[in-house]
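Note that ligands are numbered from 1 as they come in the structure, with each ligand's atoms numbered from 1 the same way. In this text, all values refer to a predicted model and were calculated from it rather than measured experimentally.
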Amino acid sequence: MVNIIEANNISKNFSVRQGMNGKKSTITAVDNVSFSLREGQSVGIVGESGSGKSTLVDIVGDIKSPSSGEVLYYGKNIRTLKKQEYRDYRRNIQFVFQSPKDSLHPYYTVKDNLLEPLKVFEGNMSRRDMMMRVRSLLDDVQLDESYLHQYPRELSGGQAQRVCIARALSLRPKVIICDEAVSALDLSVQAQIIDLLKTIKGETNFIFISHDIAAVNEIADYGFVLKDGQMVEESDMKELVQYPQDEYTKALIKSAFYFEEV
Ligand SMILES: Nc1ncnc2c1ncn2[C@@H]1O[C@H](COP(=O)(O)OP(=O)(O)OP(=O)(O)O)[C@@H](O)[C@H]1O
């Protein structure tokens, strides 16, 4: 199987000022982490707040640069990609973030939010074809056409996240990185969005990150656990949940499935 993404020995240090005297120190947000995403696979990343999940996926999507290590896209270091190859990589790695309303353009209607990536990346597409794509995307995320003319502020959190998922899907990307994409939603809405992500799993590959291992277990085929920037355990996702080896993973599972046990 072909690797879409390989992240090799990624580390990221941040320089921060701490304490009353504002003394400079360095924190290691990601510490020598490697993983790959194969075609047809979805990968989950679990860890508590501050464990380095966002920093790692931001590096994979070239939003941040690593202090050391390299990201390969179909076997090529992203730093060595030619202009067209880099454009292809960027359109094929899309993000869905935690706060859907902040992710959408507030002064654009749903229609214009969905047209935007098509205008940028599909310049040759006719306006008619773009609108057909927008309508089919809304259908994919189970919103009817009446939403086309609404503004993000008029949507619920769950509806706005559906629009963000539609927007991420608009360029038919190889990878959608969901960074705590369900965490800010009510539990029942979380379940609906997870069901939606499952229905589109055949169209794309997810890198799904969450502090909630139960949510990750719903989407990922393979998963790993980050703690203080380090990978403490990795495995087939079902095995990770059923037979965790590391004490930290066991604690994450205990807190995630606590309510379900009763
Ligand atoms: N720009 C930055 N400058 C300084 N420190 C940073 C910066 N970005 C992240 N950090 C630190 O790096 C560590 C990892 O943060 P990161 O956001 O990657 O974790 P996370 O697991 O995604 O947590 P959360 O789910 O809360 O976002 C944290 O200690 C954070 O404070």
So, R79 and E70, do they make that salt bridge, N to O below 4.0 Å? no
Aromatic rings H105 and Y108: how do their planes relate, parallel, tilted or perpendicular, breaks at 30° and 60°? parallel
When you check the gap from the basic side-chain N to the acidic O, do K119 and E116 get nearer than 4.0 Å? no
Calculate, to the nearest 0.5 Å, the distance between atoms OG and CZ belonging to S170 and F121 respectively. 9.5 Å
Rounded to the nearest 0.5 Å, how far does OH of Y73 lie from CD1 of I4? 7.5 Å
Protein residues near ligand 1, heavy-atom distance below 4.0 Å? F14, V16, I27, A29, E48, S49, G50, S51, G52, K53, S54, T55, E180
Checking one residue: Y151. Which other hydrophobic residues are in its cluster under the side-chain 4.5 Å linking rule? none
